[in-house]
Chemist: 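Dropping a structure here in structure tokens format, bear with me for questions.
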2 protein chains.
Amino acid sequence: MAATLKKLHSDFSVDCVVFGFDEGELKILLIDRNEAPFKEWKAIPGNLVAKSEDIDHAASRVLYELTGLKDVYQEQLYTFGKVNRHPQGRVITVAYYSIIRRTEDGLHPMSSFAREAYWWPANDLPKLAFDHNEIAEKALQRLREKILVEPIGFELLPKEFTLTQLQHVYEAITGEDVDKRNFRKRILGSDLLKQLNKKQAGVAHRAAYLYTFNEKKYKKLKNQGMIFGI
Amino acid sequence: MAATLKKLHSDFSVDCVVFGFDEGELKILLIDRNEAPFKEWKAIPGNLVAKSEDIDHAASRVLYELTGLKDVYQEQLYTFGKVNRHPQGRVITVAYYSIIRRTEDGLHPMSSFAREAYWWPANDLPKLAFDHNEIAEKALQRLREKILVEPIGFELLPKEFTLTQLQHVYEAITGEDVDKRNFRKRILGSDLLKQLNKKQAGVAHRAAYLYTFNEKKYKKLKNQGMIFGI
DNA sequence: GCAAAAGTGTTAACTTTACACCCATGT
DNA sequence: ACATGGGTGTAAAGTTAACACTTTTGC
């Protein structure tokens, strides 16, 4: 098999781990590869970096082609550089991760390579192409560290959310259950949430108030050295 | 000037930020470049990665050539991939950092490119070649985050050290003064230090006990999920 | 009226901080 | 004898953790 594959030269790619939250679960966006190598395997979306393209730019390009989203905050995760990680040549890959908000109307892929993209439960990934299981594992680790110290929970939810939904995000990512009263005290105590004059509709129980996250205030406080800390 | 430089093709390098502690100060190892581009500028030591070399391996090779040290723990820091960061071609660089223990007999460089390596105060770096100031800044940031959560202070000191020396390391890295009694309570409370039956010699004041860090015990506890936290 | 999730305070345990004096050694 | 850093404990303040019942809504 390897003999029929064309050789690349030394090159670099980006891979984008995209986190989402749905059905009470943390998810990762995967694609079905339709080219060798690893044809028909599932994989983390990625692409080679063009010669005249910043790697950060390549990462946002891949994300845009996959989801139609622009201006998403992406953070560099780690660079994977084992000699034999790519069967066709020396390709090191710079992995990024991002967190995207679930919207009502779903994703709008801009490119054919994304035709078979879908959400997969982050804690139960299948066997992936290349060293992508390692990449996903590292991204999960990083997300779990990060949520303790930055308010990323909000970015996985719609703009308006209930406190219970937010609590579920935290529980899904950390894997630990949290006391409802203590959670609310802390999260409201940070003074970064605004209670709306609106409640959930159409639920078969007492309707919860909706809240929004005050991103501007957070950024201001963060620049003053405040640390979030849940 | 640019016209006289030979063109590289797309490639990758590693750069190694090496931290040390001396004269009560955090230091970084710098070299004087003796080749274009940036000839005679100071720089963070680095090298191209060979085609058949893992990037982690390249990082330890550079460190070995520079210092003669093997088996030093190095951690990947960040990958810098702006298109124009290298004037001779597209070279992305994977930065690593490491922490080395001050020894009595100094460094033993293994390669000529290191002839002019020396320690420079980390908080007062000169203007460096390429984007190396950015790299150093990121490494410092990372070290400051890391010391709050892993016992790296010990790795900057000789195997046997006094509690005051250790406190100075923490203060130099975090930039904040610490209460002596509280510092000692915490650090001894972690139960990772062993007091030796030895004291400092030749100091013009009451001699302090020497301690060693119990690395094995730390690794065991860490694997059980313990977090250090100073 | 019942099932399901929303909302709400208090107390005890623990952690963190602030703080000052005597001791040992070399000159 | 003096200058220098070494070594030591306590109490107040603040933070975290544990815990259970009433309310609202849709069916």
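A note on names: the letters A, B, ... follow the listed sequences, proteins ahead of strands, and every chain is numbered from 1.
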Chemist: Using whole Å, report how far CZ of Arg184(B) lies from P of dG5(D).
Modeler: 13 Å
Chemist: Once side chain to side chain contact (heavy atoms under 4.5 Å, CB included) is applied, do any residues pair with Lys220(A), and if so which ones, sequence neighbours excluded?
Modeler: Gln224(A)
Chemist: Keeping to residues at least two apart or across chains, list the salt bridge (Lys or Arg N to Asp or Glu O under 4.0 Å) pairs with something in residues 132-154 of chain B.
Modeler: Glu75(B)-Lys146(B), Glu137(B)-Arg144(B), Lys146(B)-Glu150(B), Glu150(B)-Lys222(B)
Chemist: Considering just the side-chain nitrogens and oxygens of Thr164(B), establish if one lies under 4.0 Å of OP1 or OP2 belonging to dG5(D).
Modeler: no
Chemist: Round to the nearest Å and state the distance from Leu166(B) atom CG to dG7(D) atom P.
Modeler: 13 Å
Chemist: Using 0.5 Å steps for rounding, measure from the CD atom of Glu155(A) to the CG atom of Leu157(A).
Modeler: 10.0 Å
Chemist: I need the CD-P distance between Gln165(A) and dA5(C), as an integer number of Å.
Modeler: 13 Å
Chemist: Rounded to whole angstrom units, what separation is found between the CD atom of Glu176(A) and the C1' atom of dA17(D)?
Modeler: 14 Å
Chemist: I'd like to check the side-chain hydrogen bond (donor to acceptor under 3.5 Å, both in side chains) partners of Ser190(A); sequence neighbours left out, ordered by chain and number.
Modeler: none
Chemist: Return a single string for nucleotides 17-27 of chain C, one symbol per nucleotide in 5' to 3' order, where B is base contact, S is sugar-phosphate-only contact and - is none, cutoff 4.0 angstrom on heavy atoms.
Modeler: BBBB--BBBS-
Chemist: Have a look at Thr162(B) and say if it touches a base, only the backbone sugar-phosphate, or nothing, with a 4.0 Å heavy-atom cut-off.
Modeler: nothing
Chemist: Residues in ring-ring contact (aromatic ring centres under 6.0 Å, His included) with Tyr170(B), at least two apart?
Modeler: Phe183(B)
Chemist: Could you name each residue pair satisfying side-chain hydrogen bond (donor to acceptor under 3.5 Å, both in side chains) that touches residues 16-31 of chain A, not counting sequence neighbours?
Modeler: Glu23(A)-Lys27(A)
Chemist: Mind calculating the distance between NZ (Lys198(B)) and P (dG6(D)) to the nearest angstrom?
Modeler: 18 Å
Chemist: To the nearest Å, give me how far apart CD (Gln200(A)) and P (dA4(C)) are.
Modeler: 16 Å
Chemist: In whole angstroms, how far is the C1' atom of dG7(C) from the CD atom of Gln195(A)?
Modeler: 11 Å
Chemist: Whole Å only: how far is the CG atom of Asp177(A) from the P atom of dA18(D)?
Modeler: 12 Å
